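Bear in mind the structure is a predicted one, so any value in this text is a computation, not a measurement.
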Amino acid sequence: MALAITNNEGVFEITGNLINKNALSLEHHFRQLMNHSEKIVISIDKVKQIDTYGIRVLTNLHKNAMKSNKIFYIIGKENKKVKNAFGKVNYILKKDFI
C-alpha cells in the first residue's frame, strides 16, 4: 500500500505503509514543513506497516523538533502494530492531541 499524507485540520494523517521505500521522502516533507511551522501534529493511527526505517525517521524528526523548540506530536498509541514496533522509544507516541 502506498503512503499518503493528508492535512486534516492541522493534523497530518499518514495512511499506508511507512517503510524503507518511502521513509526518506516522508522525512524530507516534514523537515521542510518544520522550517515554516512552529507546530506539527502527525497521526500514524492509519499506518498499516512500519519498519525500522520508518521508526528511525519519526524518532529523528521528533529529536530535531525538540532541539529546535518546535511543538511536535506523533499520535498513534492506539495502533498496536505501530506501538509494538517502536519498542523502547514508544514514549514519543501520544494517544491524542489536545
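Under the 4.5 Å side-chain heavy-atom criterion for grouping Ile, Leu, Val, Met, Phe, Trp and Tyr, Ile50 is not connected to Leu24 through any hydrophobic cluster.
Between Ile42 and Ile14 the shortest side-chain heavy-atom distance falls below 4.5 Å. Proximity of Ile74 to Lys94: side-chain heavy atoms (C-beta onward) are nowhere separated by under 4.5 Å. The shortest distance between side-chain heavy atoms of Thr59 and Phe86 falls below 4.5 Å. Between Leu26 and Leu3 there is a side-chain heavy-atom pair separated by less than 4.5 Å.
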Quiz prompt | Stepwise side chain to side chain contact (heavy atoms under 4.5 Å, CB included) check, Val82 with Asn84 | solution = CA-CA 5 Å; Val82 170; Asn84 291 339; over 6 Å; no

Self-check item: Candidate pair Leu58 and Leu18, rule side chain to side chain contact (heavy atoms under 4.5 Å, CB included), full reasoning
Solution: CA-CA 10 Å; Leu58 290 175; Leu18 182 47; 3.7 Å; yes

Practice problem: Give the C-alpha distance, both sets of side-chain angles, the deciding distance and a yes or no for side chain to side chain contact (heavy atoms under 4.5 Å, CB included) between Asn79 and Ile44. | Solution: CA-CA 8 Å; Asn79 185 335; Ile44 57 174; 5.8 Å; no

Quiz item: Could you walk me through whether Met34 and Phe72 pass the side chain to side chain contact (heavy atoms under 4.5 Å, CB included) check?
Solution: CA-CA 9 Å; Met34 261 193 260; Phe72 191 86; 4.2 Å; yes

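With sequence neighbours left out, the side-chain hydrogen bond (donor to acceptor under 3.5 Å, both in side chains) criterion links Asn8 to Glu13. Under the side-chain contact (heavy atoms from CB on, under 4.5 Å) criterion, Glu38 pairs with Lys70, not counting sequence neighbours. By the side-chain hydrogen bond (donor to acceptor under 3.5 Å, both in side chains) test, Arg31 pairs with Glu27, sequence neighbours left out. Not a single salt bridge (charged side-chain N to carboxylate O under 4.0 Å, His left out) links Lys77 to another residue, sequence neighbours left out.
In this structure, Lys95 NZ and Asp45 CG are separated by 11.0 Å, a value rounded to the nearest 0.5 Å. Atom CD in Gln49 sits 4.5 Å away from atom CG in Asn17 (nearest 0.5 Å).
Pairs of residues two or more places apart, or lying in two chains, never qualify as salt bridge (charged side-chain N to carboxylate O under 4.0 Å, His left out) while including a residue from residues 54-68. Each ring pair (Phe, Tyr, Trp, His ring centres under 6.0 Å) pair with one or both residues in residues 26-65, not counting sequence neighbours, appears once here: Phe12-Phe30.
Ser37 places no side-chain N or O within donor-acceptor distance of the main-chain N or O of Leu33, the cut-off being under 3.5 Å.
Nearest heavy atoms, Asn22 versus Ser25: O-OG, 2.9 Å.
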